[in-house]
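To start, the structure under review is shown below, and the notes come after it.
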Amino acid sequence: MIQFREEIVHRLAQIPGLSEKLVRPLLEKPADPSYGEYALPCFRLAREWRRRPNEIAEDLARQLGSFGSIASVESVGPYLNFKIDPLALTRSVLGEIGEKGPDYGSDKLGEGKTIVIDYSSPNIAKPFHMGHLRSTILGSSLKQIFSTLGYRVASINFLGDWGTQFGLLALAYQKWGDNQELEARPIRYLYELYVKINQAAQEEPAIQEAARENFRQMEEGAREPLDLWNRFRTLSIQEYERVYSRLGVHFDVYSGESFYREKVQGVLEELKAKGLLQLSQGASIVDLLPWGLNVALLAKSDGTTLYLTRDLAATHERYAEYRFHRLIYVVGSDQRLHFTQLFKTLELMGRPWADRCVHVDFGRILGMSTRKGQAVFLDDVLDEGKRRALEKMQANPEKFAEVADPDLTADICGMSAIVFSDLSRRRVKDYEFDWEQVLAFEGDTGLYLQNAHARVAGIMRKSGVALPSSIDYGLLLGEGETLDLVRHLSAFPEVVHRAAEEYEPAFICTYLIGLARLLHQAYKALWVQGRPPPLAEARLKLLWSVKQVLANGMRLLGMTPLERM
RNA sequence: GCGCCUGUAGCUCAGCCCGGAUAGAGCAACGGACUUCUAAUCCGUGGGUCGCAGGUUCGAAUCCUGCCAGGCGCGCCA
């Protein structure tokens, strides 16, 4: 596809007064494809040449005529529209998808570069709720996207396994702890204790004090609270891993704040040596007020450290280990200040790679709080999605009979719906969690994509037509639907690039919905079964290409494409 | 109070980075389409002062300023 664009740029540059450098950024895709594949708006030229844009467009159209693969150049008002020869376009796009298959959309852009992504990162004292799900899904998708662009990607789950809340939790367990409950359902049980102790602490400030003392002892290495802490941690991780595997999410490294509890001293000493650390009201701070970033608190007045201190230690280790070209934190936007402070402090410490760190933030999921006990647990959501999917599948008994593994298929359907609903809106937006909306199975949803994919799979199974090695692409041009699909297919690689640049899997969602819609619209017109072989084969090739790109895109989102549903 | 983010159809959103050709989808409503490869689909109808007010520009949903509304953050939580 890029070759057509370059062909136009090259040809335009031959016109006196134009150059490749001038023209390349001006060339755009028209809003309406009926104008052509590319368009040159002449406003900028009009200003420079002090002529009317409409005249310029007309003049250029006359001078250029058709050339190479460009079938026509027409002026429409101030626009110069280029139409690529439909046959050349179709052959090029479908040929490329045919050759690359699962690698269509891939690139070598990132070869030799490493990206470290930190995502999911639940806090052990708190439940794995929808907020963590958003980080998990986003991070996992970004991992796929960067991998497909050739980067070496290391995924890290940085557990919130250290901090005052463990003092609080240990206290709760000492008060009300039940070993059987803890073993049977660690995450939910710890959450219940956490909620209960927080309520108690609100009425009794002494509890807060005792918790702080507990944690202080832990930082000093006291055996008893540490043993308890270790049990909480181990049991929780086991349960997380179960949930991750259900979602198809994988981490290269499980780490956590506790790993750095001894290394923070080194950080504090370095800060002190560099004259960055100040004492204020008994606490150690770095003054970031000159940059409008408030002050960063690195050690409390009782000497215990904070999240920020441990993050400083962790980034240092990560750079030493990976020499990353980028370090990405997928964490909610409520922690924006934290990361801005972290990055600025790294810069002040003289880390030359400080500007390689990125906070990929995302909006809040409203209506949920760990303190008030309104959390929706991930397992419940996945189960509910599965239940609804199964119901829907059973509504069509004939199709249901064809599905080999209804249980697994329903689970995948439910997760597709959830993953897609989360990724389909842009990161920054807050959203109100709404079961009906998340688990909707109609319209712009993950199931719409799955349905499109499964429909083509059905055609490939049932039409009785096989893909031959040579195709007469000309036979496809009788239907207008073909070019709409081909044009859309051609845009996939650039969509993947854009999604990576902006850390926005949502771009891929929008793209795939558009592709699936074009497919559904063309379904009748591109009928395969019973058509003369050359036509049937050409159509099947087109449909196969759509299926391939749908699958490639869905995988980037973390969805498993289904052959039957 | 200060800082950041968001505000587009009844609802959920895309379009904003990089200003241009009639502002697009889905849901909901209403009316159609299954003797054929998945109707979890398709076709049609109605529905918008792009939060408000200025400014820049030949041209603003898009850029700038101010205001309003909502969310988040602002030294001993993570």
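All heavy atoms count here, side chains included; hydrogens, waters and symmetry mates do not. In what follows, chains carry the letters A, B, and so on, assigned in the order in which the sequence lines appear, proteins first and then strands, with residues in each chain numbered from 1.
Centre separation under 5.5 Å together with a plane angle under 30° holds for the ring of A:Y79 and the six-membered base ring of B:rA21, marking them as stacked. Look at A:F43 and the base of B:rG59; the rings do not stack under the cut-offs of 5.5 Å between centres and 30° between planes.
The cationic atom of A:R539 (NZ for Lys, CZ for Arg) does not lie both less than 6.0 Å from the six-membered ring centre of A:W527 and within 45° of the ring axis.
An OP1 or OP2 oxygen of B:rC72 is reached within less than 4.0 angstrom by no side-chain nitrogen or oxygen of A:S333. For A:Y35, no side-chain nitrogen or oxygen approaches OP1 or OP2 of B:rG20 to under 4.0 Å. Between A:R364 and the phosphate of B:rC72, there is a side-chain N or O to OP1/OP2 separation shorter than 4.0 Å. Considering only side-chain N and O atoms, A:K300 lies under 4.0 angstrom from the phosphate OP1 or OP2 of B:rC77.
A:G77 comes within 4.0 angstrom of nothing in the nucleic acid, heavy atoms only. Within 4.0 Å (heavy atoms only), A:L543 reaches no atom of the nucleic acid at all. Nucleic acid contact class of A:M393 (heavy atoms, under 4.0 Å, all strands): base.
Here the C1' atom of nucleotide B:rC72 and the NE2 atom of A:H338 are 16 Å apart, to the nearest Å. Atom C1' of nucleotide B:rA21 and atom CZ of A:R52 are separated by 16 Å, given to the nearest angstrom.
Rounded to whole Å, the separation between the P atoms of B:rG10 and B:rG1 comes to 32 Å. Comparing the same atom, C1', in B:rU49 and in B:rC72 gives a spacing of 30 Å after rounding to whole Å. Nucleotides B:rU45 and B:rA28 have their C1' atoms positioned 14 Å apart, rounded to a whole Å. Taking the C1' atom of each, B:rA69 and B:rA53 are spaced 15 Å apart, rounded to whole Å. Distance check on atom P: B:rG15 versus B:rU62 gives 15 Å, rounded to whole Å. Of the P atoms belonging to B:rG48 and B:rC2, the separation is 38 Å, rounded to the nearest Å.
Nearest-nucleotide positions on RNA chain B for A:L80 and A:A283 put A:L80 closer to the 5' end.
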Next item on the list: Dump the intermediate steps for ring pair (Phe, Tyr, Trp, His ring centres under 6.0 Å) on A:Y511 and A:H488, then the final yes or no.
Entry: CA-CA 8 Å; A:Y511 170 85; A:H488 203 82; 4.5 Å; yes
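Closest approach of A:L439 and A:G385 over heavy atoms only: CD2-CA, 3.6 Å. Between A:F158 and A:D311 the shortest heavy-atom distance is CE2-OD1, 3.6 Å.
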Check: Based on Watson-Crick and G-U pairs with both distances under 3.5 Å, what dot-bracket line describes RNA chain B 5' to 3', crossing pairs as [ ] and inter-strand pairs as |?
Finding: (((((((..((((......[...)))).(((((.......))))).....(((((..]....))))))))))))....
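With rounding to the nearest 0.5 Å, the separation of CG in A:L562 from CE in A:M559 is 8.0 Å.
Considering A:V358, A:L142, A:T136 as possible partners of A:V330, the one that fulfils the side-chain contact (heavy atoms from CB on, under 4.5 Å) test is A:L142.
A salt bridge links A:E436 to A:R388: at least one charged side-chain nitrogen sits closer than 4.0 Å to a carboxylate oxygen.
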